[in-house]
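To keep things clear, I will list the structure first and then write my remarks on it.
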Number of protein chains: 2
Amino acid sequence: MNISEAARRSGLSAKTIRYYEDIDLIAPAARGENGYRQYDSGAVEELHFLARAREVGFDLQECRQLLNLLRDTQRHSRHARELVLEKSQQLQQRIDKLVAMQSVLEDMASRCHGDEGPECAILEDLAGAGEETQ
Amino acid sequence: MNISEAARRSGLSAKTIRYYEDIDLIAPAARGENGYRQYDSGAVEELHFLARAREVGFDLQECRQLLNLLRDTQRHSRHARELVLEKSQQLQQRIDKLVAMQSVLEDMASRCHGDEGPECAILEDLAGAGEETQ
DNA sequence: GCTTGACCTTCCAGTGGCGGGAAGGTTTAC
DNA sequence: GTAAACCTTCCCGCCACTGGAAGGTCAAGC
């Protein structure tokens, strides 16, 4: 099949598939007589694997490691599990940070009248926070 | 004061301050005889405002709007409040997404032995998810 | 045979928000 | 006198793509 069909089946865009080939994340696709890339179901499975791994938060370097594990029949499942748990912790840190940011926003919004007047707790907060001790 | 002192007081890096000037987020700094940028406390306050706004999740375009509100004595605090609440909703969406991703990771990890064997629920999941119906 | 449109190819540029580092000028301290 | 710590501008790199230009290919309809 051509690249757009492989894209449809894998969940990646054709652009992304070419990009992954470009950075040697995947092996160069076979080519037809016309120079078009050709994909079989095995290739699509790898692409789909990558799409899934990206969806759950792995970056391309980590995807590389996961692909190596996928291809390695001598692998230890411990390695995959470690990658997943580490990624989970990273996500937790990002979540914690976003939650903290959001609570600051909600707090500011709650103290702002939000009317037609110029007085604004939000702008005061952003301007002055951390300067009271001086 | 010179740029590194302004950086220290505002919480931004000198690189970032120059960048903000470059993209016209802030007015060009005054220059001393030697060509060095000079900052007064008013300029530092604006930089600090920007640092705070960035910390709570606003992008530079939104920071531009917030700065306009800060400078506008005729502003309506409603505008600032709307920006904050919209940003809060955006953060909520990002949080929801990350939480969903993390729960997938935790689920996969829980079903993986994580031992020295090659059998691995994680890799199976990533490879096969969404294909059972076929 | 001709056109139209949907494919495909490569290559280059841009995104956001900076950070790193080169190459060179200035100031300060010893 | 010199070393270091500043400062300047400029350009490249990061991540993971996306958009678009310029051009080749293919299938369908007339």
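Just so it is clear: chains get the letters A, B, ... in the order the sequence lines come, proteins before strands, and each one is counted from 1.
With salt bridges taken as basic N to acidic carboxylate O contacts below 4.0 Å, one links A/Glu5 and A/Arg8. Classification of A/Asp107 and A/Arg111 as a salt-bridged pair holds, one side-chain N sitting under 4.0 Å from a carboxylate O.
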## Note on the structure
Expected string for nucleotides 9-19 of chain C under the B/S/- scheme (protein heavy atoms, under 4.0 Å, primed atoms plus P, OP1, OP2 as sugar-phosphate) is BBB-----BBS

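Atom CG in B/Asn2 sits about 7 Å away from atom C1' in D/dC7, given to the nearest Å. In this structure, CD of A/Glu5 is placed 17 Å from P of C/dA6, rounded to the nearest angstrom. One atom, CD1 of A/Ile17, and another, C1' of D/dT18, lie 14 Å apart when rounded to the nearest Å. Between the C1' atom of D/dT18 and the CD1 atom of A/Ile23 lies a distance of 15 Å, rounded to the nearest Å. A straight line from CD of B/Glu33 to C1' of C/dT27 spans 13 Å, rounded to a whole angstrom.
Counting non-hydrogen atoms of other residues, nucleotides and ligands closer than 6.0 Å to CD of A/Glu82 gives a total above 12.
Residue B/Ser4 places at least one side-chain N or O under 4.0 Å from the OP1 or OP2 atom of D/dC7.
In this structure, A/Leu123 is not a member of the same hydrophobic cluster as B/Leu85, with clusters built from ILVMFWY side-chain heavy atoms closer than 4.5 Å. A single hydrophobic cluster is not seen to contain both B/Ile3 and B/Tyr36; linkage of ILVMFWY side chains at heavy-atom distances under 4.5 Å, directly or through other members, places them apart. B/Val99 and A/Phe58 fall within the same hydrophobic cluster, defined by Ile, Leu, Val, Met, Phe, Trp and Tyr side-chain heavy atoms under 4.5 Å apart, directly or through other members.
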